[in-house]
Amino acid sequence: MKTPNQYLAGLPTTIFTIMSQLAVKHGAINLGQGFPDTEGPQDIIQVAAEALQDGRNQYAPLTGLPELREAVASSNRRFYGLEVDPATEVVVTSGATEALAACLMAVVEPGDEVVVIEPLYDTYLPALRLLGAVPRCVRLQPPHWSLPEAELRAAFGPKTKAIMLNSPMNPSGKVFVREELELIAELVREHDAYAICDEVYEHLTFHVKHIPLMSLPGMRERSMRIGSAGKSFSLTGWKVGYVTAPAALASVVAKAHQVLVFATAPNLQRAVAYGLNKDESYYQALSSQMETQRDLLRDGLHRLGFETLPADGSYFIVADISRHAEGRSDVEFARWLVEHAGVATIPVSAFYDPEGDTPPQNLVRFAFCKKPEILREALKRLEKALS
């Protein structure tokens, strides 16, 4: 029998699956995977439930329901001053992961180089390699997650087609500042490239401002900006994403979306449109809640002797395990934590290209998008295991 796709067949079981399985086996608190343990706003859920009964359950339009595209355009204007045509510059997708794939398909061809920044979300590299693209990885420098200018400049070249930028960033919690964004924009313009901007945590920043790369001079026509209802409304299972892009790019993204999925659940689209139109107090409360949970976990980790790296956004905080590892790698220590402390984390080395240089071995990622009582219990378990 002929072999299946060799690249996909050769991909190992992800560390996320492994750690979640270990968490179940050992009855551990799962601070590995990034999903909230509470439901999203009940009014949004109620809108979705009612929409199932309104007689509009057939295929939605390819690019999304008009009310959701209008809500996405309005959100761009309200938060970032971006004027967007909802009819031609918004594409609704089945989650941000599909949006990433559609955006890549829209601009990348075999042999093209794409700049990516490590540590990175785990689907970026497989998606690029399946398309025949060549990733050019640039590593942020811990412990401050600084962006190395010389390395970034060196990663761009004649074959560069795009950069993938994740801000606020998973797993680091970094929010790129204007000076860094201006450097990236300069290089994108200089090399006539595109920017695929994964901004799913746009409303989860803590006393810093999220700045879309699209809002910088010369970037409006080069950027595809991806948002996620799952992150903005704590409804990760809904898998509703949206791409904002100039009309010429959005039309190609839509063609990729047609090949991949075609349409997204209409009742969920109507509910997300309702959610996006919430006033700013909702988004401020969401950010404040997550910041409180971050501080609870961060302060507790500090008391236990872990140093933590800056986390100005997202669901995640990274801790340095050096004082407790006793020679174990991050993978070994993460396994030890789930088995002996009953707390699951993710080793940060999993967020680096396995074909690249050796990644840091002293960092693990904690998710703080959990109830305060769950975070407190996790800290108690860690204290008992480490004492």
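In what follows, every heavy atom counts, from backbone to side chain, and hydrogens, waters and symmetry copies are set aside.
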side-chain contact (heavy atoms from CB on, under 4.5 Å) evaluation trace for Val272 with Val72: CA-CA 9 Å; Val272 172; Val72 171; over 6 Å; no
Whether the side chain of Thr63 engages the backbone of Val91 through a donor-acceptor N/O pair (distance < 3.5 Å, no angle test) should be reported. no
Within the structure provided, determine whether Thr97 and Tyr121 are in side-chain contact (heavy-atom separation under 4.5 Å). yes
Quick one: do Ser314 and Leu204 satisfy side-chain contact (heavy atoms from CB on, under 4.5 Å)? Show the steps, please. CA-CA 5 Å; Ser314 82; Leu204 292 169; 5.9 Å; no
Where the side chain of Ser387 meets the backbone of Lys384, is there a donor-acceptor pair that is under 3.5 Å apart? yes
Between His210 and Tyr201, is the ring centre distance below 6.0 Å? no
Would you say the ring centroid of Phe16 lies under 6.0 angstrom from that of Phe351? yes
Going hydrophobic residue to hydrophobic residue with side-chain gaps under 4.5 angstrom, can you get from Leu301 over to Leu386? yes
Count I, L, V, M, F, W, Y as connected when their side-chain heavy atoms are under 4.5 Å apart, and connections chain through other members. Are Val343 and Val338 then in the same cluster? no
Ignoring hydrogens and angles, tell me if any N or O in the side chain of Asp330 forms a donor-acceptor pair with the backbone of Glu332 under 3.5 Å. no
For the residue pair Phe79 and Tyr283, categorise the inter-ring angle as parallel (less than 30°), tilted (30 to 60°) or perpendicular (more than 60°). perpendicular
Can a donor-acceptor pair be found, under 3.5 Å and without considering hydrogens, that links the side chain of Asp320 to the backbone of Leu309? no
In terms of heavy-atom contacts, Thr88 and Ala250 come closest through O-CB, 3.4 Å
Shortest non-hydrogen pair, Leu52 vs Asn57, comes out as O-ND2, 2.9 Å
Decide yes or no for Met219 and Ile184: does some side-chain heavy atom of the first lie under 4.5 Å from some side-chain heavy atom of the second? no
Within a reach of under 6.0 Å around CD of Glu339, are more than 12 heavy atoms found that belong to other residues, nucleotides or ligands? yes
d(Thr14 OG1, Ile346 CD1) to nearest 0.5 Å is 8.0 Å
side-chain contact (heavy atoms from CB on, under 4.5 Å) between Arg78 and Glu280: does it pass, once the steps are laid out? CA-CA 9 Å; Arg78 177 161 59 128; Glu280 292 191 27; 3.9 Å; yes
Is Arg153 paired with Glu186 through a side-chain N to carboxylate O contact shorter than 4.0 Å? yes
Could you check whether Tyr282 and Phe233 have their ring centres less than 6.0 Å apart? yes
So Glu39 and Ile45, do their side chains get closer than 4.5 Å, heavy atoms only? yes
Closest heavy-atom pair, Pro246 versus Glu221, reported as atoms and distance to 0.1 Å, is CB-OE1, 3.2 Å
Closest approach of Ser349 and Pro359, non-hydrogen atoms and distance? CB-CG, 3.6 Å
When you look at Tyr124 and Leu100, which way does the side-chain contact (heavy atoms from CB on, under 4.5 Å) test go after all the steps? CA-CA 8 Å; Tyr124 290 2; Leu100 286 163; 3.6 Å; yes
Within the side chain of Ser75, is there an N or O that forms a donor-acceptor pair under 3.5 Å with the backbone of Ala71? no
Could you check whether any side-chain heavy atom of Leu276 comes within less than 4.5 Å of a side-chain heavy atom of Leu68, counting everything from C-beta outward? yes
Contact between Lys278 and Ile44 at the side-chain level, heavy atoms closer than 4.5 Å - yes or no? yes
Spatial distance of atom CZ (Arg222) from atom CG (Leu216) [nearest 0.5 Å]: 13.5 Å
Spatial distance of atom CG (Leu65) from atom CG (Leu268) [nearest 0.5 Å]: 10.0 Å
Any chance CD of Gln53 has more than 12 other-residue heavy atoms, nucleotides or ligands included, within less than 6.0 Å? no
Within this structure, what is the CZ-CG distance for the pair Arg77 and Leu82, rounded to the nearest 0.5 Å? 10.0 Å
Co-membership, hydrophobic cluster, residues Leu152 and Trp145, 4.5 Å side-chain: yes
Are Val116 and Val134 linked, directly or through other ILVMFWY residues, by side chains that come within less than 4.5 angstrom of each other? no
Would you list the pairs meeting side-chain hydrogen bond (donor to acceptor under 3.5 Å, both in side chains) in which at least one residue belongs to residues 101-114, sequence neighbours left out? Asp112-Lys161, Glu113-Arg136
When you measure from the centre of the six-membered ring of Phe35, is the NZ or CZ of Lys370 under 6.0 Å away and within 45° of the axis? yes
Taking Leu363 as the starting point, is it possible to reach Tyr315 by hopping between hydrophobic residues whose side chains are less than 4.5 Å apart? no
Would Arg365 and Phe316 count as a cation-pi pair here, with the cationic atom under 6.0 angstrom from the ring centre and within 45° of the axis? yes
Check whether more than 12 heavy atoms from other residues, nucleotides or ligands sit under 6.0 Å from atom OH of Tyr59, and answer yes or no. no
Are the side chain of Asn166 and the backbone of Asp198 linked by a donor-acceptor contact shorter than 3.5 Å? yes
Heavy-atom neighbours of Gln6 CD exceed 12 at 6.0 Å: no
Between Gln42 and Gln46, do the side chains contain an N or O donor and an N or O acceptor separated by less than 3.5 Å? no
For a quick test of reading the model, state the closest non-hydrogen atom pair linking Lys239 to Thr264 and the distance between them. O-CG2, 4.1 Å
Taking all atoms of both residues into account, what is the closest heavy-atom pair of Ala256 and Met105, and its distance? CB-CB, 3.8 Å
Donor-acceptor pair, Ser228 side chain versus Gly230 backbone, under 3.5 Å? yes
Any Lys/Arg nitrogen of Asp357 or Arg139 sitting under 4.0 Å from an Asp/Glu carboxylate oxygen of the other? no
Find the distance between NZ (Lys25) and OG (Ser20) and round it off to the nearest 0.5 Å. 14.5 Å
With heavy-atom distances below 4.5 Å as the criterion, would you say the side chains of Arg220 and Val84 are in contact? yes
Is a donor on one side and an acceptor on the other found under 3.5 Å between the side chain of Ser251 and the backbone of Ala248? yes
Spell out, as yes or no, whether a donor-acceptor pair under 3.5 Å connects the side chain of Glu118 to the backbone of Asp353. yes
Is there side-chain contact between Phe176 and Met169, with at least one heavy-atom pair below 4.5 Å? yes
Would you find more than 12 non-hydrogen atoms of other residues, nucleotides or ligands less than 6.0 Å from Glu377 atom CD? yes
Measure the CE-CG distance between Met19 and Leu31 for me, rounded to the nearest 0.5 Å. 10.5 Å
Return yes when atom CZ of Arg323 has more than 12 non-hydrogen atoms of other residues, nucleotides or ligands closer than 6.0 Å, and no otherwise. no
Is the shortest heavy-atom distance from the side chain of Leu128 to the side chain of Met164 under 4.5 Å? yes
So does His340 get a backbone contact from the side chain of His26, meaning a donor-acceptor N/O pair under 3.5 Å? no
